Amino acid sequence: GLYLSGGNLRGTVDISSGAVLRQGGSTVIAGLNAAGDGAFEIGGRVTAGTFAGQQIDFANLTINATLTPALQGPASVLIRGNFDWRKGTIADVPTLTTYSGSVTHLSTTDTKRLSNCRWEAYGVVESVDRLDLYLENGAAIEVANTGLWHQRDWGKISVGEGGNGGILVLGRMLMTSPVTLTVVPPLTCEGTLDLDGDGPLVTQGDFLLAESGVLAGGCAGEPGMNFRMGLARTATSVLAGTVSPDNDGGPGRLGISGPVTLAPTFRIEIDIPVTGDIPNDLVEFGAGELVFDGMLDLNLLRLPDLGEEFRVVSASGATGAFAEIQGAEAFDQVIEDGDGVLLIR
């Protein structure tokens, strides 16, 4: 490794595999062409660029700093390879872009802050340890259409000082954590939220499942034990996209707790199991009033036995009716009441 206590960098930095350029103190990067498979590690403070509209490229970057901010503008920053964010603040960087072939590790349990910056994640983001992330001064995160946010452990994304930003999922957010991820800033999903783990995703700010968005995942547990999406009572929650229960590639149960509005474009897609018993309460809404609207779409892989009945959607005290139920022609009776939708054949 090579340790820099400060100074001014301009030109080409080629860090070979296994080598580390460690930065401490305060460093200004006036212009940088980064190469090699080694890491540029920020342990102090780095100012990226000298004027707005400039872009500074890193091949592989590590932020492990106690100085605030650890990385600041005025230039935008592009990371083409591995990004290991251990601790520290990124502030006043107009756009932080992690390239489509990049891998970001949100490692260690230390606090991370994103301030007055838009992070566009085109690659993979692996949240491998307990996450403690603050969005401040309008900071926003966009998981791009090629991006994947993989939450492996407990976490909380909070709103810090002057926080008016939010999170937009255009690609995929995958939950395999056994414990809760809590999201306080507004969350909009135009891609896929895959709740594949045992831990729920809990929103405390506004939540929108857009018309193009998909809420997938679920479990095979007993009814009442399958709440994977928690919508806080203080927030505005709108489902305008598709809810598709899934358990290891087969039919599953998916529970949503908290008050929610179903838009006319809302769709529930349900696969009836090919073999075995048909589970009840495939989609269960709990806590809060619910008005049935939108569309119920049944994908029948196997017809139920004669005389068999089961509830595909349940919500205590729900009102209204689905605008349309597709795939219901295979059933003799379709009953909608305040407890859900009951199908009988």
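Just so it is clear, the model here is predicted, and its values are computed rather than measured. Scope of the values below: all heavy atoms of this structure, side chains included, with no hydrogens, waters or symmetry mates.
- For Arg130 and Asp132, the salt-bridge test fails: no basic side-chain N is under 4.0 Å from an acidic carboxylate O.
- With Asp206 contributing its side chain and Thr236 its backbone, the two residues share a donor-acceptor pair below 3.5 Å.
- A distance of 4.5 Å separates CZ in Arg267 from CE in Met295, rounded to the nearest 0.5 Å.
- Using a distance-only test at 3.5 Å, with no hydrogens or angles considered, no donor-acceptor pair links the side chain of Thr97 to the main chain of Tyr99.
- Under a hydrophobic clustering in which Ile, Leu, Val, Met, Phe, Trp and Tyr are joined whenever their side-chain heavy atoms come within less than 4.5 Å, directly or via other members, Val169 and Val184 fall into different clusters.
- Between the side chain of Lys156 and the backbone N or O of Leu131 there is no donor-acceptor pair closer than 3.5 Å.
- Going from atom OG1 of Thr242 over to atom CD of Glu211 covers 8.5 Å, rounded to the nearest 0.5 Å.
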- Under the side chain to side chain contact (heavy atoms under 4.5 Å, CB included) criterion, do Leu133 and Ile141 qualify, and how do the steps go? CA-CA 11 Å; Leu133 173 61; Ile141 298 175; 3.9 Å; yes

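- A donor-acceptor pair is defined here as one N or O able to donate and one able to accept, closer than 3.5 Å; no such pair exists between the side chain of Glu269 and the backbone of Asn299.
- Of the possible donor and acceptor atoms, none in the side chain of Arg86 sits under 3.5 Å from a partner among the backbone N and O of His105.
- Shortest non-hydrogen contact noted between Ala39 and Ile15 is O-CD1, 3.7 Å.
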- Query: Going through the distances and angles, do Glu336 and Ile325 end up as a side chain to side chain contact (heavy atoms under 4.5 Å, CB included)?
  - Reply: CA-CA 11 Å; Glu336 293 186 82; Ile325 301 180; 3.8 Å; yes

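- To the nearest 0.5 angstrom, Tyr122 atom OH is 9.5 Å from Thr98 atom OG1.
- One hydrophobic cluster, built from ILVMFWY side chains closer than 4.5 Å, holds both Val334 and Val313.
- A donor-acceptor contact closer than 3.5 angstrom is absent between the side chains of Asp129 and Thr108.
- The CG atom of Leu21 lies 11.5 Å from the OG atom of Ser16; values are rounded to the nearest 0.5 Å.
- Contact record, Leu193 with Cys189: CG-SG, 3.7 Å, taken as the closest heavy-atom pair.
- Residues Val103 and Ile79 do not share a hydrophobic cluster, defined by chaining ILVMFWY side chains whose heavy atoms lie under 4.5 Å apart.
- Between the side chain of Gln54 and the backbone N or O of Ala30 there is at least one donor-acceptor pair closer than 3.5 Å.
- Across all non-hydrogen atoms, the minimal contact from Gly165 to Pro185 is O-CB, 4.3 Å.
- A donor atom on one side chain and an acceptor atom on the other are not found under 3.5 Å apart for Glu284 and Ser314.
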- Message: Quick one, Ser76 with Gln55, criterion side-chain hydrogen bond (donor to acceptor under 3.5 Å, both in side chains). Give me CA distance, side-chain angles, the key distance, then yes/no.
- Response: CA-CA 5 Å; Ser76 293; Gln55 178 176 289; over 6 Å; no

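- Every residue two or more places apart in sequence or in another chain that forms a side-chain contact (heavy atoms from CB on, under 4.5 Å) with Thr68 is listed here: Thr89.
- Between Pro94 and Ala75 the shortest heavy-atom distance is CD-O, 3.4 Å.
- Annotation for Gln72 and Thr47: closest pair NE2-OG1, 2.8 Å, computed over non-hydrogen atoms.
- Annotation: side chain of Val77 is in contact with side chain of Phe58 (closest heavy-atom distance under 4.5 Å).
- A 4.5 Å side-chain heavy-atom check between Ile42 and Thr27 finds every atom pair outside the cut-off.
- In the hydrophobic clustering of this structure, Phe51 does not group with Leu96; members are Ile, Leu, Val, Met, Phe, Trp, Tyr whose side-chain heavy atoms approach within less than 4.5 Å, directly or through other members.
- A donor-acceptor contact closer than 3.5 angstrom is absent between the side chains of Ser212 and Glu190.
- In this structure, the side chains of Leu239 and Phe207 come closer than 4.5 Å at one or more pairs of heavy atoms.
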- Message: If you apply the rule side chain to side chain contact (heavy atoms under 4.5 Å, CB included), what do you find for Asp57 with Asn33, and how did you get there?
- Response: CA-CA 6 Å; Asp57 292 6; Asn33 295 315; over 6 Å; no

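- Ser237 places none of its side-chain heavy atoms less than 4.5 Å from the side chain of Leu209.
- Here the shortest heavy-atom pairing between Ser102 and Gly81 reads CB-O, 2.9 Å.
- In this structure, Trp119 and Phe83 have perpendicular ring planes: the angle between them is above 60°, well past the 30° mark.
- A donor-acceptor contact under 3.5 angstrom links the side chains of Glu126 and His150, judged on distance only.
- Contact check for Gln204 versus Thr182: side-chain heavy atoms found under the 4.5 Å cut-off.
- Taken from CD in Glu41 to CD1 in Ile63, the straight-line distance is 10.5 Å, to the nearest 0.5 Å.
- Note that CD of Glu324 and CG of Asp293 are 12.0 Å apart. Values are rounded to the nearest 0.5 Å.
- Phe292 pairs with exactly one of Phe322, Phe266, Phe285 by the ring pair (Phe, Tyr, Trp, His ring centres under 6.0 Å) rule, that one being Phe322.
- Put simply, the side chain of Leu9 reaches to within 4.5 Å of the side chain of Leu4, judged on heavy atoms.
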- Message: Assess the residue pair Ile270 and Leu296 against the criterion (side chain to side chain contact (heavy atoms under 4.5 Å, CB included)); give the C-alpha distance rounded to whole Å, side-chain angles, the decisive distance to 0.1 Å, and a yes or no.
- Response: CA-CA 8 Å; Ile270 295 175; Leu296 178 60; 4.3 Å; yes

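- A cation-pi contact, defined as under 6.0 Å to the ring centre and within 45° of the axis, links Arg113 to Tyr134.
- Remark: the backbone N or O of Ala34 is paired with a side-chain donor or acceptor of Arg80 at under 3.5 angstrom.
- At least one side-chain heavy atom of Ile256 sits under 4.5 Å from a side-chain heavy atom of Leu231.
- Judged purely by atom type and a 3.5 angstrom limit, Glu136 has no side-chain atom pairing as donor or acceptor with the backbone of Gly138.
- Leu2 and Val28 fall into different hydrophobic clusters, where Ile, Leu, Val, Met, Phe, Trp and Tyr residues are linked whenever their side-chain heavy atoms come under 4.5 Å apart, directly or through other members.
- Proximity of Asp198 to Arg228: side-chain heavy atoms (C-beta onward) are separated by under 4.5 Å at one or more points.
- The backbone N or O of Ser26 lies less than 3.5 Å from no partner atom in the side chain of Arg45, so there is not a single donor-acceptor pair.
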